[in-house]
Amino acid sequence: MTSVSLPIPTVGVPLPGRGCDCSSCAFYAGPDGRGGPATVEPLCTGQNSDCRFCGCSAAEADAPANACVTRKCPIRCGSRTGIAGWMADVGGTLTFDDITVDSTLPDGLPAFIPMTDGSAVTKLDASLNWPAYGVGLRRVFSPDTHTLYKRFTEQTARQALALGDHQKAVLVGYGEDPLVEAFWTRRGRDRLVERIAEQEWDLVLSCNYSIYGDWPRTEHLLNMRRSLLLAQEFAEAGVNVVPNVYWFRLEDLQRYLTWIEDTQPAGIAINVQTVRDNADWDSWERPGLHFLAENLPADMPVILTGLSRANRIAEIAQIFGPRLTLISQNPHQYALHGAVMTANGREDVHARAEDAFAATVQYMASLLPRR
């Protein structure tokens with residue numbers, strides 16, 4: 001009798017291998033890209049060598065099924081009893097094949113967009129008349145109550161910011177993990193996407209869900225898909241939205257490029273606010289940005305949030321050219337302390353907030369190619 005290897009049974013959706021066991025994982029690409037004995041979707045080349053959860057005793061393949069319950073672990077991995085629910089929550093797949101983000105970019109976006117605290121920009125904008133202003137998600141969706149602030153639900157975004165008809169309001173949908181997780185969890189019950197659409201933002205940068213190097217690949221794959229799914233939901237609600245792209249490996253970037261080629265989104269957004277030390281910048285973010293600059297369609301707009309060092313801005317502006325839009329909260333943060341950004345870095349000049357703000361906005365804009 002000939003023995004036949006069968007896939008490990010699932011509960012209606014493919015599941016990652018328990019204990020990060022590649023041989024039992026539905027997403028293992030294998031050494032040749034053709035998968036392993038249990039592969040359903042070959043998306044992952046294997047464990048993270050520096051994952052601090054792969055050695056967790058509760059994640060071992062022979063651990064009891066409820067081993068993680070008492071640990072209150074925040075990580076989504078194949079050993080957690082909730083993994084089937086998390087897979088179902090993202091549509092039962094980790095591919096991007098069924099996702100499209102049908103949207104457009106508004107005309108007239110400047111190369112540099114300063115972020116503010118969500119209040120009226122009348123004073124800060126007095127001498128600038130700047131074409132667009134950004135607001136972070138935590139200024140619109142409360143990190144404490146996980147509800148939308150009334151000042152953005154009782155009027156349009158442009159009215160809340162006191163913008164002129166020619167000025168654009170941009171919602172930068174980034175935030176700390178608890179905030180974006182709460183937004184994901186409550187978005188359906190509280191109609192968060194639809195209610196943000198009613199605020200008439202000119203552009204929304206969709207949330208990005210974190211990818212940490214010491215997390216399991218299951219968490220990475222779930223979060224990359226969630227980021228794109230949320231962008232699709234905004235687009236379906238009639239919002240001008242740009243999906244966020246976040247990666248950890250070359251294979252992640254290659255998957256994004258295939259998806260971009262197939263679906264042609266209006267642009268992509270990249271959040272680099274958390275990449276502060278040089279080691280992460282040089283080993284991860286910088287190579288990824290160069291790869292994207294070389295391989296994206298030549299006319300694909302790229303919106304970066306959080307780039308604040310003049311040397312980094314100059315380098316990224318050079319590789320992306322005039323298709324780059326930079327969003328930063330530096331002008332506002334510095335202005336709160338009467339400081340300005342210059343070629344020599346931050347200078348505490350004790351200026352009026354509005355003067356310091358205008359000076360930093362104009363300086364940062366000068367670092368970017370003209371359109």
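No experiment lies behind these values; they were computed from the predicted model shown.
- Using modelled atom types, one finds no donor on one side chain facing an acceptor on the other under 3.5 Å when comparing R195 with T147.
- In the hydrophobic clustering of this structure, L163 groups with V239; members are Ile, Leu, Val, Met, Phe, Trp, Tyr whose side-chain heavy atoms approach within less than 4.5 Å, directly or through other members.
- Under the ring pair (Phe, Tyr, Trp, His ring centres under 6.0 Å) criterion, the residue pairs touching residues 147-177 are F152-W201, with sequence neighbours excluded.
- The structure places CD of E219 at 9.0 Å from CZ of R80, a figure rounded to the nearest 0.5 Å.
- Using a 4.5 Å cut-off between side-chain heavy atoms of Ile, Leu, Val, Met, Phe, Trp and Tyr, V340 falls into a hydrophobic cluster with V349.
- Going from atom OG1 of T153 over to atom CD of Q155 covers 8.5 Å, rounded to the nearest 0.5 Å.
- Using bins of under 30°, 30° to 60° and over 60° for the plane-to-plane angle, the ring pair F183/F234 lands in the parallel bin.
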side-chain contact (heavy atoms from CB on, under 4.5 Å) between L304 and L324, worked out: CA-CA 7 Å; L304 259 64; L324 175 66; 4.1 Å; yes
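- Clustering ILVMFWY residues whenever any of their side-chain heavy atoms sit less than 4.5 angstrom apart, transitively, puts L307 in a cluster other than the one holding L203.
- In terms of hydrophobic clustering, with Ile, Leu, Val, Met, Phe, Trp and Tyr side chains grouped at heavy-atom distances under 4.5 Å, W281 and L326 are assigned to a common cluster.
- Every ring-ring contact (aromatic ring centres under 6.0 Å, His included) that Y212 has, sequence neighbours left out, goes to W215.
- Across all non-hydrogen atoms, the minimal contact from M300 to I268 is SD-N, 4.2 Å.
- Under 3.5 Å, the side chains of R18 and S24 contain no donor-acceptor pair of N or O atoms.
- Within a 6.0 Å sphere centred on CZ of R138, other residues, nucleotides and ligands contribute 12 heavy atoms or fewer.
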Test log, rule side-chain contact (heavy atoms from CB on, under 4.5 Å), inputs R217 and D252: CA-CA 11 Å; R217 280 297 282 171; D252 303 333; 2.7 Å; yes
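- Considering all non-hydrogen atoms of both residues, G78 and P16 come closest at CA-CG, 3.7 Å.
- In this structure, the side chains of V242 and S103 stay at 4.5 Å or more apart for every pair of heavy atoms.
- For the 3.5 Å distance criterion, the side chains of S227 and N244 fail to qualify, holding no donor opposite an acceptor.
- Heavy-atom neighbours of E251 CD from other residues, nucleotides or ligands within 6.0 Å: above the threshold of 12.
- Once rounded to the nearest 0.5 Å, the distance linking CG of L228 with CZ of R226 reads 12.0 Å.
- The side chain to side chain contact (heavy atoms under 4.5 Å, CB included) check on A29 picks up P42, with sequence neighbours excluded.
- The closest side-chain donor-acceptor pair between S23 and D21 falls under 3.5 angstrom.
- Within a 6.0 Å radius of CG in D98, more than 12 heavy atoms belonging to other residues, nucleotides or ligands are found.
- Summarising the geometry of P243 relative to S206, their closest heavy-atom pair is CA-CB, 4.4 Å, with the distance given to 0.1 Å.
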From CA spacing to verdict: side-chain contact (heavy atoms from CB on, under 4.5 Å), W284, W247: CA-CA 9 Å; W284 170 48; W247 65 89; 3.4 Å; yes
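- Going from atom CG of N240 over to atom OG1 of T104 covers 4.0 Å, rounded to the nearest 0.5 Å.
- For the residue pair T305 / N271, no side-chain donor-acceptor distance below 3.5 Å is found, with atom types taken as modelled.
- Scanning all heavy atoms of the two residues, the minimum distance from H332 to M115 falls at CB-O, 3.3 Å.
- Salt bridge absent: D165 and R158 never bring a charged side-chain N and a carboxylate O closer than 4.0 Å.
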Worked verdict on I99 versus L229 for side-chain contact (heavy atoms from CB on, under 4.5 Å): CA-CA 7 Å; I99 302 173; L229 279 173; 3.9 Å; yes
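- Donor-acceptor pairing under 3.5 Å is lacking for the side chains of N344 and T342.
- D348 meets the side chain to side chain contact (heavy atoms under 4.5 Å, CB included) test with A339, R346; sequence neighbours excluded.
- Considering every non-hydrogen atom in both L15 and M87, the closest pair reads CD2-CG, 3.8 Å.
- Put simply, CG on D97 and CG on D262 are 8.0 Å apart, with the number rounded to the nearest 0.5 Å.
- Between F96 and Y256, the ring planes are parallel. Angles under 30° get that label, and only those over 60° would be called perpendicular.
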Can you list, pair by pair, the side-chain donor-acceptor contacts under 3.5 Å of residues 311-321, counting residues two or more places apart and other chains?
from : atom 1 : to   : atom 2 : distance (Å)
R312 : NH1    : V275 : O      : 3.2
R312 : NH2    : R276 : O      : 3.4
R312 : NH2    : N278 : OD1    : 3.1
E315 : OE1    : R286 : NE     : 3.2
E315 : OE2    : R286 : NE     : 2.5
E315 : OE2    : R286 : NH2    : 3.1
E315 : OE2    : H290 : NE2    : 2.7

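- Inter-residue side-chain proximity for L250 and F291 is flagged as met; some heavy-atom pair is nearer than 4.5 Å.
- For the pair P331/F357, a side-chain contact is recorded, criterion being any heavy-atom separation below 4.5 Å from C-beta on.
- Residues M341 and N330 share a closest heavy-atom pair of SD-ND2, 3.9 Å.
- Environment of CD in Q254: crowded, with over 12 heavy atoms of neighbouring residues, nucleotides or ligands closer than 6.0 Å.
- A 6.0 Å sphere centred on CG of N129 holds more than 12 heavy atoms belonging to other residues, nucleotides or ligands.
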Worked check of side-chain hydrogen bond (donor to acceptor under 3.5 Å, both in side chains) between D177 and Y209: CA-CA 7 Å; D177 292 335; Y209 289 90; over 6 Å; no
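- In this structure, E198 pairs ionically with R191, as a charged nitrogen and a carboxylate oxygen lie closer than 4.0 Å.
- In the hydrophobic clustering of this structure, F141 groups with V180; members are Ile, Leu, Val, Met, Phe, Trp, Tyr whose side-chain heavy atoms approach within less than 4.5 Å, directly or through other members.
- Hydrophobic clustering of Ile, Leu, Val, Met, Phe, Trp and Tyr side chains at less than 4.5 Å, counting indirect connections, unites L230 with L137.
- For the pair T116/V135, a side-chain contact is recorded, criterion being any heavy-atom separation below 4.5 Å from C-beta on.
- For the pair R187 and W184, the cation sits on the ring face: its NZ or CZ lies under 6.0 Å from the ring centre, inside 45° of the axis.
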